[in-house]
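Taking it in order: structure first as structure tokens, then the write-up.
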2 protein chains.
Amino acid sequence: MPKITQRSDCPISNSLEIWGDKWSLLIIRDLMFAHKNTYSELLQSAEKISTNILAARLLALEENGIIEKLAHPDSKAKVWYQLTPKGIALMPLLLEISLWAEKFFEVPDSIAAVNEMARRDRAGVIREKSAELLAMSSVTAATSTPKIKDV
Amino acid sequence: MPKITQRSDCPISNSLEIWGDKWSLLIIRDLMFAHKNTYSELLQSAEKISTNILAARLLALEENGIIEKLAHPDSKAKVWYQLTPKGIALMPLLLEISLWAEKFFEVPDSIAAVNEMARRDRAGVIREKSAELLAMSSVTAATSTPKIKDV
DNA sequence: CCGCATCCCTATAGATACTG
DNA sequence: CAGTATCTATAGGGATGCGG
């Protein structure tokens, strides 16, 4: 049940309602490529997101089915965030952003290497990395974390 | 000369600094696919952008080299906005958004048709449509519209 | 410690009315 | 037509609190 308010029936508009801000895709990036899965790890990205914003975005992404909250497999005190299939499906989009940016900005060598792989075998990169994320997902089981429903 | 303040050297972050909000990509969409090229046309999209936001976004997009302001070929009173090659290069991204959205939202038939074309011959669709936009660009000549530089 | 919630304050987004 | 001016609402930064 998406929490977005539809401005129109345009798919681009509806997508932007979910992740069209300066932070959501960075959180998704960290969950997707940086092997970050806890709140404190997500707090420590280079862009220095503040804690209230991170909390707000995680909630919104969860309500829109992009991520899910699970019990951390190792620590009872921690929470495990991971992408849902809907979130993993954003991978082509993130790769496309990275490819676009590389044409007009300087990018770190590590990222340029991934871009080069994507240019060579785009479908393959997406398939493998998606499978990897899906495999990780199956290790943990969903908690009964209460979700805020529409009032 | 990009007006963005770099939060990091991540290409995704830097991209979001330019068009990571709820409106910029919709303006780009209208310039790219809806054959809109004037301020008043851009004002009339289904999502009902307000005039100050449109003005602010157009300025930011211009400062970041995504669009350019030209003299309208037909009317002295009008302004002609169009995508630069840098802006046209965002087309794969917009298509990818549309394809993602179609998996999870209902989309209008007209858009589903374009998506189907993109799935069948992605590179071809991008090549043809980009060429069309570039061809349109060459008809007009740049005005001497003063651009705001860094103070 | 971990994962937030809350408060305070500032900056930016956004709606509406108006103008050269 | 193509924007400003004005005002209000929300986003966001930073510090701190607080239950588990």
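Values below: every heavy atom of this structure, side chains too, minus hydrogens, waters and symmetry copies. Chain A is the first sequence line, chain B the second, and so forth, proteins listed ahead of strands; every chain is numbered from 1. Not measured: the values here are computed from a predicted model.
Not counting sequence neighbours, A/Ser75 has no partner by the side chain to side chain donor-acceptor pair (under 3.5 Å) test. With sequence neighbours excluded, no residue forms a ring pair (Phe, Tyr, Trp, His ring centres under 6.0 Å) with A/Phe33. Residues satisfying the side chain to side chain donor-acceptor pair (under 3.5 Å) criterion with B/Asp30, sequence neighbours excluded, are absent altogether. Annotation: side chain to side chain donor-acceptor pair (under 3.5 Å) contacts of A/Arg7 (sequence neighbours excluded): A/Ser13, A/Glu17. Annotation: ring pair (Phe, Tyr, Trp, His ring centres under 6.0 Å) contacts of B/Tyr81 (sequence neighbours excluded): none.
For B/Trp23, whose side chain is taken as the heavy atoms from C-beta onward, the closest listed nucleotide among C/dG14, C/dC2, D/dG13 is C/dG14. With C/dC2, C/dA13, D/dC1 as the choices, the nucleotide that has an atom nearest any side-chain atom of B/Lys78 turns out to be D/dC1. Among the nucleotides D/dG13, D/dG3, C/dA5, the one closest to any side-chain atom of B/Tyr81 is D/dG3.
Rounded to whole angstrom, the span from the CD1 atom of B/Ile49 across to the P atom of D/dA2 amounts to 15 Å. Taking atom CG of A/Leu43 as the reference point, atom P of C/dA5 lies 13 Å away to the nearest angstrom. Nucleotide C/dA13 holds its P atom 14 Å from the CG atom of B/Leu54, rounded to whole Å. Distance CG (B/Leu58) to P (D/dA2): 10 Å, rounded to an integer number of Å. One interatomic measurement links the two molecules: CD1 of A/Ile53 to P of C/dA11, which rounds to 15 Å at whole-angstrom precision. Atom pair B/Glu47:CD and C/dG14:P shows a separation of 13 Å (rounding to whole Å applied). Taking atom CG of A/Asp74 as the reference point, atom C1' of C/dG3 lies 17 Å away to the nearest angstrom. The separation between B/Lys36 atom NZ and D/dC1 atom C1' is 16 Å, rounded to whole Å.
Take the nearest nucleotide of DNA chain C for A/Lys22 and for A/Ala56: the residue whose nucleotide is more 5' is A/Ala56.
For the pair B/Arg57 and C/dA13, the criterion of a side-chain N or O lying under 4.0 Å from OP1 or OP2 is met. The phosphate of D/dG3 (OP1 or OP2) has a side-chain N or O of B/Lys69 nearer than 4.0 angstrom.
Contact check on B/Glu68 versus B/Lys86 returns no salt bridge, with no Lys/Arg side-chain nitrogen under 4.0 Å from an Asp/Glu carboxylate oxygen.
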- prompt: What string of B, S and - do you get for nucleotides 14-20 of chain D 5' to 3' if you count protein non-hydrogen atoms under 4.0 Å?
  reply: BB-----
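No side-chain heavy atom of B/Ile49 sits under 4.5 Å from any side-chain heavy atom of B/Leu42.
As judged by a 4.0 angstrom heavy-atom cut-off over every strand, B/Thr38 is placed among residues touching the sugar-phosphate backbone only.
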